[in-house]
Amino acid sequence: MMKTKRLCQAVYLLFCLIQIALLGAVCILQTLTTKKAGVNHHLRFTRTYWMHNYLTPQNTLIFSIILVLIAAVIFVALFRLWNKTGIYTKIAFILSLLWIAALLLSLHLEIVSALLVYPYLLLAETIALLLSCINIVLGFSTNKLRFM
C-alpha cells in the first residue's frame, strides 16, 4: 500500500512537471518565431489551417460551453469533497479550474488568438487540463476515497 501511494505521488509530480514543460515549449516556440524564418512560416501555415478548419466561431463556442460544464462539475466536486481530500487533490482541483480559465481566456481574447503559436497554446493548455484531471483521480486513489 505504501508503494502504491508513493507511485501515485510520483506520477502526480511527473504530470505537474509535464504541464510546466508544455507551457515552456510554447514560450520557446513564440521566441523562435522572431529568430527562425522556417519556424515562423510553419507556425503561420499551421495557425491559418487551424483557424479555417478547426477554430471556427461555432467550434469555439461549443468548446467554451464544454469547458464551462466541466468547470461547473469540478467546482461542485471541489466544494463537496473539500474536507475529505488531501492537499494533492485540492491542488489538482484548483489547477484544473485555472487551466479551464486559461483556455477560456485563450479562446476569447483577440490578443492571444493573434499569436502564431495559438493552436499549440490551445493544445498545450488542453493537455495540461487533461493531466490535471488525471491528477484528481490519482488524488482520490491515494486517499482511498469512494465516490458513493
Side-chain angles (χ1 to χ4, degrees), residues 1-36 39 42-43 46-47 49-51 53-148:
M1 182 164 139
M2 189 64 148
K3 289 182 181 179
T4 305
K5 187 173 182 177
R6 288 187 187 255
L7 179 66
C8 286
Q9 289 176 349
V11 171
Y12 175 87
L13 291 173
L14 178 68
F15 284 168
C16 287
L17 290 175
I18 290 172
Q19 292 173 15
I20 294 168
L22 284 171
L23 282 184
V26 171
C27 290
I28 290 171
L29 272 177
Q30 181 61 33
T31 58
L32 284 176
T33 58
T34 59
K35 298 181 184 208
K36 299 288 183 181
V39 174
H42 170 73
L43 291 176
T46 304
R47 183 182 176 283
Y49 180 78
W50 275 65
M51 293 300 281
N53 292 328
Y54 303 119
L55 297 173
T56 61
Q58 296 85 11
N59 290 347
T60 304
L61 180 65
I62 291 170
F63 192 44
S64 298
I65 291 171
I66 291 170
L67 284 173
V68 169
L69 291 175
I70 292 171
V73 168
I74 290 174
F75 199 67
V76 168
L78 174 65
F79 281 112
R80 288 196 65 188
L81 302 171
W82 183 261
N83 294 330
K84 299 177 185 177
T85 58
I87 188 70
Y88 290 124
T89 310
K90 291 175 186 173
I91 292 171
F93 271 120
I94 293 170
L95 279 176
S96 63
L97 288 173
L98 288 174
W99 284 119
I100 290 172
L103 267 167
L104 286 172
L105 285 174
S106 296
L107 284 171
H108 296 289
L109 286 179
E110 291 185 21
I111 296 170
V112 179
S113 64
L115 295 174
L116 288 179
V117 294
Y118 180 62
Y120 292 108
L121 178 67
L122 290 178
L123 186 65
E125 288 174 347
T126 305
I127 291 171
L129 174 63
L130 290 174
L131 291 176
S132 185
C133 290
I134 292 171
N135 279 343
I136 292 172
V137 173
L138 286 175
F140 280 130
S141 67
T142 302
N143 290 335
K144 301 292 184 195
L145 244 179
R146 302 199 182 198
F147 289 106
M148 297 287 175

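Quick caveat, the model's predicted, so the values are computed rather than measured. Atoms considered below: every heavy atom in the structure, side chains included; atoms not considered: hydrogens, waters and symmetry mates.
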Heavy-atom check, side chain of H108 versus side chain of T60, under 4.5 Å: yes
For [X], which residues count as a side chain to side chain donor-acceptor pair (under 3.5 Å) partner, sequence neighbours excluded?
X	result
Y118	none
T126	none
S113	none

Any residue meeting ring pair (Phe, Tyr, Trp, His ring centres under 6.0 Å) with [X], in chain and number order, not counting sequence neighbours:
X	answer
Y12	Y88
Y54	Y49, W50
W82	none

Pairing residues for [X] by the side chain to side chain contact (heavy atoms under 4.5 Å, CB included) criterion, not counting sequence neighbours:
X	answer
I65	L61, L69
I66	I62, I70
V39	L29, L32, K36, L43
L104	S64, L67, V68, I100

Which distance, rounded to the nearest 0.5 Å, do you find between the [atom1] of [X] and the [atom2] of [Y]?
X	Y	atom1	atom2	answer
E125	L22	CD	CG	10.0 Å
L78	I94	CG	CD1	6.0 Å
L121	Q30	CG	CD	9.0 Å

Atom of V26, atom of Y120 and distance for their closest heavy-atom approach: CG2-O, 3.8 Å
Pairs touching residues 13-26 that satisfy side-chain hydrogen bond (donor to acceptor under 3.5 Å, both in side chains), sequence neighbours left out: Q19-W99
Taking distance alone, no hydrogens or angles, what donor-acceptor pairs closer than 3.5 Å link side-chain atoms of residues 127-137 to residues at least two apart or in another chain?
unit_1	atom_1	unit_2	atom_2	d
S132	OG	A92	O	3.0
S132	OG	S96	N	3.1

Crowding at CD1, I111 (>12 non-hydrogen neighbours, <6.0 Å): no
